[in-house]
Amino acid sequence: MRIEYLTSTAGFHGRSMNLTTYLVNETIAIDAGVLGLWSEPRQQARVHDIILTHSHLDHVGTLPMFLDNVFLYRHAPVRVHATIQTQASLDQYVFKKETWAPLTTLLATQPPMLELVLIEPGTSFRVGNINVEPVLVDHSIECLGLLLTDEDGTVAISSDTGPTELFWKRCAAVDRLQAVYLECSFPSQMHDLAMMTCHLTPTLFAREMAKLDRTTRWFAMHLKPAVHREVAQELASMNVEVVEPGHVYDFGGR
Ligand SMILES: [Zn+2]
Ligand SMILES: [Zn+2]
């Protein structure tokens with residue numbers, strides 16, 4: 001499995017990761033925070049499935065532009081996987097006629113610009129050769145962590161979360177855990193703000209690591225740009241790698 005966390009900066013290659021999109025094997029996206037601004041539309045059109053973790057704008061904000069960019073290049077709808085709650089939020093707040101074409105219009109084109117695929121938390125589904133297990137995490141709204149498994153092993157991605165439990169139980173149960181991507185938005189001195197907004201700091205990150213108590217490769221992501229250096233310095237002594245946006249991490253092969 002190859003995973004790239006796209007940089008949030010358009011036009012130059014920065015370290016910013018406040019907008020979230022992961023590319024998996026170049027053709028599957030997790031979240032669409034920056035997907036519609038990435039690369040050329042022709043390359044965007046290779047993405048055939050998008051898995052949405054929750055409806056916050058830094059995770060879905062460029063979905064309208066992405067669909068608009070790619071539909072003339074594609075011969076089949078993009079499959080957008082989301083829970084019923086996230087689908088309702090897209091309908092109510094994102095694809096609203098005052099801000100963009102409504103979903104009913106996008107679904108009525110030939111071929112449709114997208115196909116909405118329902119995610120039931122806890123029920124695994126397949127995208128290509130990857131088994132996806134969606135697990136509820138603890139954020140300010142409903143949000144999914146994802147366990148992605150192929151023939152080589154499992155990579156777990158928390159999405160946005162504060163201190164959580166179920167996600168670690170599911171990570172503990174997998175056979176070969178290759179890596180965990182866990183968010184770390186704020187420095188430890190901003191503990192109250194992190195707890196209020198259901199995010200993590202390095203101190204809280206360490207407590208989550210202890211819950212799993214399993215050797216794996218740990219990545220921190222979603223660091224707020226203004227505190228990136230401070231958070232990275234705190235993480236440096238914890239055996240945690242800060243994700244390098246734009247770098248392709250290859251977990252293939254045993
Ligand atoms: Zn969020
Ligand atoms: Zn976020």
Side-chain angles (χ1 to χ4, degrees), residues 3-10 14-24 28-38 50-66 80-95 119 121 132 134-148 155-167 180-188 190-202 204-205 208 218-228 230-232 235 240 242-246:
I3 297 186
E4 177 183 356
Y5 192 111
L6 300 182
T7 180
S8 300
T9 45
R15 288 191 310 173
S16 183
M17 49 176 126
N18 49 328
L19 308 177
T20 293
T21 298
Y22 296 84
L23 270 190
V24 181
I28 300 163
I30 297 172
D31 288 335
V34 71
L35 184 61
L37 301 175
W38 167 68
I50 302 175
I51 304 164
L52 298 178
T53 63
H54 65 305
S55 60
H56 279 158
L57 277 183
D58 54 326
H59 297 254
V60 302
T62 68
L63 182 60
M65 300 84 198
F66 167 82
V80 177
H81 305 255
T83 63
I84 196 77
Q85 204 162 314
T86 298
Q87 289 189 22
S89 296
L90 290 178
D91 187 40
Q92 227 178 321
Y93 305 114
V94 179
F95 295 97
I119 297 180
V132 182
V135 182
L136 288 172
V137 290
D138 287 84
H139 193 37
S140 52
I141 59 168
E142 183 200 74
C143 183
L144 297 171
L146 302 172
L147 275 63
L148 309 177
V155 176
I157 297 177
S158 74
S159 191
D160 290 7
T161 189
T164 195
E165 301 296 334
L166 182 60
F167 186 67
V180 175
Y181 286 71
L182 181 59
E183 76 124 278
C184 198
S185 296
F186 295 107
S188 297
M190 294 186 184
H191 174 89
D192 292 349
L193 181 60
M195 290 301 281
M196 193 165 66
T197 53
C198 304
H199 286 294
L200 295 175
T201 67
L204 294 167
F205 192 111
E208 298 305 297
W218 288 90
F219 290 96
M221 47 78 177
H222 213 14
L223 285 65
K224 301 274 182 200
V227 292
H228 186 289
E230 192 178 346
V231 175
L235 292 166
V240 171
V242 174
V243 166
E244 198 62 52

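First listed ligand is number 1; within each ligand, the first listed atom is number 1.
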Is there a donor in the side chain of S185 and an acceptor in the side chain of E183, or the other way round, less than 3.5 Å apart? yes
Report yes or no: do H56 and H139 form a side-chain donor-acceptor pair below 3.5 Å? yes
At a cut-off of 2.8 Å, protein N/O/S around the Zn ion (ligand 1) gives H54 NE2, H56 ND1, H139 NE2, D160 OD2
Aromatic contact, Y5 with F219 (centres under 6.0 Å): no
Please identify which of these residues, I84, T83, V137, V135, meets the side-chain contact (heavy atoms from CB on, under 4.5 Å) condition with P121. T83
Please say whether more than 12 non-hydrogen atoms of neighbouring residues, nucleotides or ligands are located less than 6.0 Å from CG in L57. no
Residues T53, D160; criterion side-chain contact (heavy atoms from CB on, under 4.5 Å); working and verdict: CA-CA 8 Å; T53 63; D160 290 7; over 6 Å; no
